Structures are given as C-alpha cells and as structure tokens.
Amino acid sequence: MYRTHTCGELRLADAGRTVTLAGWVQRIRKMGGMSFIDVRDRYGITQAVTDDPEMNAEVAKLGREFVIQVIGTVRERESKNPKMDTGDIEIRIEKLNVINPSVTPPFTIEDVSDGGDDLRMKYRYLDLRRNPLKNNLILRHRMAQEVRRYLDAHDFLEIETPFLIRSTPEGARDFVVPSRMNPGEFYALPQSPQQQKQLLMVAGFDRYFQIVKCFRDEDLRADRQPEFTQIDCEMSFVERDDVLDMFEGLMKHMFEVILNEKFEEPFLRMSWNDAMKFYGSDKPDMRFGMLLRDVTDLLKGKGFGVFDSSEYVGGICVPGCAGYSRKQLDELTDWVKRPQVGAKGLIYIKVEEDGNIKSSIDKYFSPEILREVAGRFEADKGDLILMMSGIRAKTLVSLGTLRIEMGNRLNLRDPHKYCPLWVVDFPLLEWDDETQRFYATHHPFTAPSQKDMEKFFSNDKEQEAEVSSDSYDFVLNGTEVGGGSIRIHDARIQEQMFKVLGFSREDADYRFGFLINAFKYGAPPHGGIAFGFDRFCALFGGQDTIRDFIAFPKNNMGRDTMDDAPAKIDDVQMKELYLKSTYEK
RNA sequence: GGUGCGGUAGUUCAGUUUGGUUAGAAUGCGUGCCUGUCACGCACGAGGUCACGGGUCCGAGCCCCGUCCGCACCGCCA
C-alpha cells in the first residue's frame, strides 16, 4: 500500500497513529541536527520531521519534486503553524522511501511561481501542481457537475453528437479532417452542434444538453481558444421567455451553489438597441454606471464644424476626474485615437469643484450650453465629461470602449462582484459591404421577431436591415457567456431567410439540405442556448483569461507548446490521405 | 493581415535614455555550518551564444534593418 492517508487530512485527533503518506517534496528545511520535509499531494501539505542523524543523511539526498513515501507517527507539533490545515501536527519519520526522483524543475512550484507564462505552458504538468491552477480545475469540475445536476433535474437528456461532420461554410473557419476512405473529401469539426441539436428536437428529444468541445479555426485571444467547451442546450415547445426562465434558473443555481450568491430578483433584460445606446456594447458591463448620453441635439448645428458634420455627438461622465491634468487628457486622447479604439479625438468638459465649467470647446459654445450638456450627463461637481462625435454606430462603440477603460482605471470592475444581464432582440441580419449581402447575425436558423414579420417579407433591403430576431445573449460583467435563439421551424420563413441571405435553393440544399429535409417531417417549435463553459469558469474564478481553466490550452498561435502540435506528418500519411503537399507560406 | 509591448544566468528582472575595461540583483542550484523551521538563517561557490541574421562604428547587450518567438489588442470569431 502506497499510502494510508492523504497529505491534507491529518489533524491533532490523529496524534499517535502510525501512518504512511506519499507525495511530492515541496521543500526541505535542514536545521543542523533536524530536518523538515513538506510533503505535497493534491489534498494538501503535511510536514515530516526527523532528528535522527542517519535519517538526516537520507533527507539530504532528496530534492524538490521527488516522489517519496513517508512512514511514521503523527504527533503534535512543538511550534504550530496556523496557516496550514495540517499545521498542528507533523509526522516523525520512521522510514523514508524514494519512489521516484526528479530533476530540478525549471520554475518554483508555489502559489506565486517565479516562472513566466511561456515556460509554465511548456511544463504544464508541473504548473498544474500549483494550487491556483489545481483549484481552477477543481472549480471547473464542480461547475460541470452542478450543470448536469440542474439540467438532469429538469428532464434534460445529455446526448453526444458527432465530431466528424459536414463543413458548413457560414460563420467561423472550420477545422478540417481528411477522409482516407473517401479520397479528396473532408470532415469538419463542429463549431457547435447546432444542426445536430435541432435534429434531436425533430427526433422528439424535447430537452437536450451536452457539455461538449467545439472547434473554430480563428485567431486566439485571452478568452478564445481554438477548441473550447460549450454547455449546449436545446428545448422544444418553447418561446423565448421559456428558454430565458429555464437558464436563468440554471445561472441562479450556479451562483448559489458555487459562489454562495443569491439573486432574488429576475436578471435585467435589455434590448440590443438600448445596450448599444447606453453602453456602446452588445455585452454591457453592469457593475458600474457611466452611461453613454446622446447630446447631438444640444451641440450639433451650433457652428462647431466637427459636430455639425457628425451624425452623433455623445459621451460619458467620469465621476471625480475633473482634476485630470492636460497631460492625462492628452494621454487619454492618444489612447482613443489608437486603431483599436478608432476615435478621431476626445473632447472634455470639466465640472470643477467650485462649479465652474472648463472645456476644450468653450471657445465654440456658451457656458449655458455646456452647463445644459453637463445637466444631461447629471454631472456632479468634480466630474469629467468625455465626448466623441462621428458616425453613430462607430462612435457608440468607441465610447463603450472608453467607458470600460475608465471603469478599469477607477477600479469599478471588481472581479468578485457579479452583474448578470440578458441582452435580447439582436438584429437578425448584418450587411457586409465587401460581399454586398446580408449575413445572419446569429445563424441562418434564427427566427425573426414576430413583430417584424412584415418587414422580413418585404423584400426591401432597408426594411430587412431593421428586422430584429428572437435571440438573446447572457452577459456577465461585460463578457458574453451564453447566446442562443428561437429557431425557425416554419418552412416558409426558412425559405425567405435563405432568399434574404442570397442563397439559391441549390445553395441552401447543398449546405443545409439534411436539416431542411428533416424539417419537412414535423419539426416542433424549438430554441436553445449555448454557454461558453471556459469563460463561465474563468468568471466564477474571478479571472479574465480562460487558459488557466483549461488543463492543456493552446498559445496565441494555436500551438501546444508541450507536444509542439501542430506538426508535419510523414509522406506515408500524406499519401494515404491523398494530400499532395503543403503550400509554403 | 494589422497595432503595441517584450526576448539579458535554471527562473524573474535591472542594465538600452548618453555605445567604452571584467554584464548585475533576487530567487533557484551546489557545498559547509545551524535541534523547531514553515518565505528558516549565515557563509562560500558554480552558473551568460545578452533570441537569431545582417548593418553602422575604432568599439554594439545598448543604435539601424530584417527574421523568429511570446503576450495583449484590432480585424476575424454565423
């Protein structure tokens, strides 16, 4: 038997027992006549001690991360360590076995490691020995279990769908798998099991879910991996609010069980239009105010050329920042002018502590007008109003980005405060100038809003652009955690959808024929949602990056630095797959 | 595809502004001392292709050009 106990469980009550522990050497402290070993496993750290000269010599041979076995007696410590769960006791070593030695690890295996991201990624199996990462994966496990418990209790069936499917070119790039038995043909890995789960609804499975890997061949970010995990769900015989209510329940369950946070009130529901108008984002961070205000009517047409030529003038009111120096404002102006934000410039109005108003545009506007603008922002003394102007849609987004930045600078984005939100009524369609056609904002099976059906069937581009959809996103602290929609189950609406998107019947059949065909056999009304499980875990763990909630993530370039995938395959494999050669970049 | 920041002991970084003798610190590692440590302490020691290639210069870790790699972001992500 390798061990009788784990390194996290022995307490004062166990004193006197003879035990066997097994684990990794966290640290050795040699004090001349006596030695201490901190033995670590998944469950904790227990101190082993000896003052025997022979045993001291044995201990001296150990190194960090050796796997050892300690047989000895539990005893009360002479000097206790209240910081450790096992800090009241220690093991007096009677026998010490080296199960497996270790080379010196390239970084310290401690809560705050000295290793950089790159190095820790390369030695991920060592990094995972550290508490922060270990605890993240434990959190992830608990969350997955709770999701299953809740959905199972609500009659959802977990059904697996295939990973090798047909490529559907709308949307993200597919990862592609060549078929050996079908020369020149390829599978795609699912970007999500969208069609399959809708087919499960046709099959009558009513309530389906799956915690499932999805694959998208797009550039990575701190919160985007090429393979990621979704909580994928679909329900039949539901309208939008049925879906929202069900999954609001799931979210509340998760908050309560995992974070001990109770939400008595229903989650806020906000239209996409309002989200853009007041937050400059389709995923507003509701942890702080600083709402966008439209002041076009007050400032346009008053003789200031920049505003007169703008579709929109608006801004945010930053509390307590009227004291910003010229240098700070210049720096902020440079910041918003970066291509990532894309603003032309930044105009400020300071409402100073004495009530005076100072502005970069006070040459052009009377104090009365500026005071009226400040009133629109409900600015208090000491506040700083930051404004931009330009094309409405673009300026709103730039202001939204600025709002988040100011929220960061003022520490208004506490990672342990949670403000959930449903954003609803997204536009059904997005016009793409380059290809001169509409794309589905969500996907081509999303149902148009009932109220916009007339516009949807108008065959008029301007009216079509205004159609909203029966879709929804679950937003938590400025992050899109989930999204879904009510699907089209009416063949007539689906046909119109393909028409609006510019697909011929042949196109549609080629891409989605199996789904269209299935819908002829009695498709129930249905809708669903999918949550980004990695992001969900990261948010519950109070962090921005999903990488530390995935056991073996990829780096910025989609590379696994541990096994160095992707890699070339040999000519035999290439030939079997009927692949000729790679294109050199 | 683009923008920004970075690459110097095993590791994390300083040194680059103003080019100049032998490139530093901390930590880790090794050796010795130390009987109550738990961020142990003290002493000594080893440890460097300054990412790579080219250029400027009497002289380059430092300046210039290119490449590679990492991170964050924009585009992209139905």
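Being a predicted model, the structure only gives us computed values, none of them experimental. Letters go in sequence order (proteins before strands), and every chain restarts at 1.
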Hey, is the side chain of A:N555 poking within less than 4.0 Å of OP1 or OP2 on B:G70, counting only N and O atoms? yes

For a quick check of understanding: with a heavy-atom distance under 4.0 Å over all strands, which category does A:R338 fall into, base, sugar-phosphate or nothing? nothing

Contact list for residues 388-403 of chain A, test side-chain hydrogen bond (donor to acceptor under 3.5 Å, both in side chains), sequence neighbours left out: A:S310-A:S389

Going from CD on A:Q26 to CZ on A:R40, what distance comes out if it is rounded to the nearest 0.5 angstrom? 4.5 Å

Are any non-hydrogen side-chain atoms of A:W431 and A:Q436 less than 4.5 angstrom apart? yes

How would you list, by chain and number, every residue that makes a ring pair (Phe, Tyr, Trp, His ring centres under 6.0 Å) with A:F215, sequence neighbours excluded? A:F163

May I ask you to say whether A:K455 pairs ionically with A:E466, meaning some side-chain N is under 4.0 Å from a carboxylate O? yes

When you compare B:C69 with B:U31, how far apart are their C1' atoms, in angstrom units rounded to a whole number? 37 Å

Calculate the interatomic distance between A:R173 atom CZ and B:C76 atom P; express it in whole Å. 11 Å

Take atom C1' in B:G54 and the same atom in B:A14, then report the distance between them in whole Å. 28 Å

Contact class for A:D217 vs. all strands (heavy atom < 4.0 Å): base, sugar-phosphate, or nothing? nothing

Both distances under 3.5 Å, Watson-Crick or G-U wobble: report the partner of B:C29, or none. B:G45

Return the nucleotide paired to B:G6: Watson-Crick means purine N1 to pyrimidine N3 with N6-O4 or O6-N4, wobble means G-U with N1-O2 and O6-N3, both under 3.5 Å. B:C69

Closest to the A:R559 side chain, choosing from B:A72, B:C76, B:G70: B:G70

Look at all strands and tell whether A:T446 reaches a base, only sugar-phosphate, or nothing, counting heavy atoms closer than 4.0 Å. nothing

Does B:A72 have OP1 or OP2 under 4.0 Å away from a side-chain N or O of A:R547? yes

Considering only nitrogen or oxygen atoms on both sides, find all protein atoms under 3.5 Å from nucleotides 10-13 of chain B and state each distance.
unit_1: B:G10; atom_1: N2; unit_2: A:D114; atom_2: OD2; d: 3.4
unit_1: B:U11; atom_1: O4'; unit_2: A:P106; atom_2: O; d: 3.4
unit_1: B:U11; atom_1: O2'; unit_2: A:D114; atom_2: O; d: 2.5
unit_1: B:U11; atom_1: O2'; unit_2: A:D114; atom_2: OD1; d: 3.4
unit_1: B:U12; atom_1: OP1; unit_2: A:G116; atom_2: N; d: 3.1
unit_1: B:U12; atom_1: O4'; unit_2: A:D114; atom_2: O; d: 3.1

Closest-nucleotide 5' rank along RNA chain B - winner of A:R221 and A:Q194: A:R221

If we take the P atom in both B:A43 and B:C5, what is their distance in whole Å? 42 Å

Please report the distance separating the P of B:U8 from the corresponding atom of B:C44, rounded so that it comes out in whole Å. 28 Å

So A:Y123 and A:L119, do their side chains get closer than 4.5 Å, heavy atoms only? yes

For nucleotides 36-45 of chain B, just jot down a letter per nucleotide in 5' to 3' order: B, S or -, based on protein non-hydrogen atoms under 4.0 Å. BBBSB-----

Going by the rule side chain to side chain contact (heavy atoms under 4.5 Å, CB included), which residues pair with A:E506 if we only count those two or more places apart in sequence or in a different chain? A:S504

Hits for ring pair (Phe, Tyr, Trp, His ring centres under 6.0 Å) against A:W335, two or more places apart or cross-chain, chain-then-number order -> none

With sugar-phosphate meaning primed atoms plus P, OP1 and OP2, does A:R511 contact a base, only sugar-phosphate, or nothing at under 4.0 Å between heavy atoms? nothing

Would you mind pulling out the nucleotide paired to B:C63, Watson-Crick or G-U wobble, both distances under 3.5 Å? B:G55

B:U21 versus B:A26 - spacing of their C1' atoms, nearest Å: 26 Å

Ring pair (Phe, Tyr, Trp, His ring centres under 6.0 Å) filter on A:H443, not counting sequence neighbours, yields A:F445

Without decimals, in angstroms, what is the distance between A:I404 CD1 and B:C74 P? 12 Å

When rounded to whole Å, the CD to C1' distance for the pair A:E430 and B:G75 reads 14 Å

Residues passing the side chain to side chain contact (heavy atoms under 4.5 Å, CB included) test with A:N81, sequence neighbours excluded, are A:R77, A:K83, A:M84

Look at the side chain of A:R224 and decide which nucleotide, out of B:G75, B:C71, B:G70, has an atom nearest to it. B:G75

Given the C1' atoms of B:G66 and B:A72, what is the spacing between them in whole Å? 24 Å

Starting from P on B:G70, measure out to CZ on A:R120 and report it in whole angstrom. 16 Å

Can you see which heavy atom on A:D232 is nearest to which on A:Y208, and at what distance? OD2-OH, 2.8 Å

Rounded to the nearest Å, what distance is computed from the NZ atom of residue A:K394 to the P atom of nucleotide B:C74? 15 Å

Could you give the distance separating B:G24 and B:A9 at their P atoms, to the nearest angstrom? 14 Å

How long is the line joining CZ of A:R64 and P of B:U27, in whole Å? 14 Å

Measure the distance from CG on A:L220 to C1' on B:G70 and round it to the nearest whole Å. 13 Å

Residues that A:Y510 engages under ring pair (Phe, Tyr, Trp, His ring centres under 6.0 Å), provided they are two or more places apart: none

Please determine, for B:C40, whether a Watson-Crick or G-U wobble partner exists with both distances under 3.5 Å, and give it or none. none

Span that lies between the C1' atom of B:G15 and that of B:A25, in whole angstrom: 11 Å

Figure out the CG/P separation between A:D118 and B:A72, and round it to whole Å. 11 Å

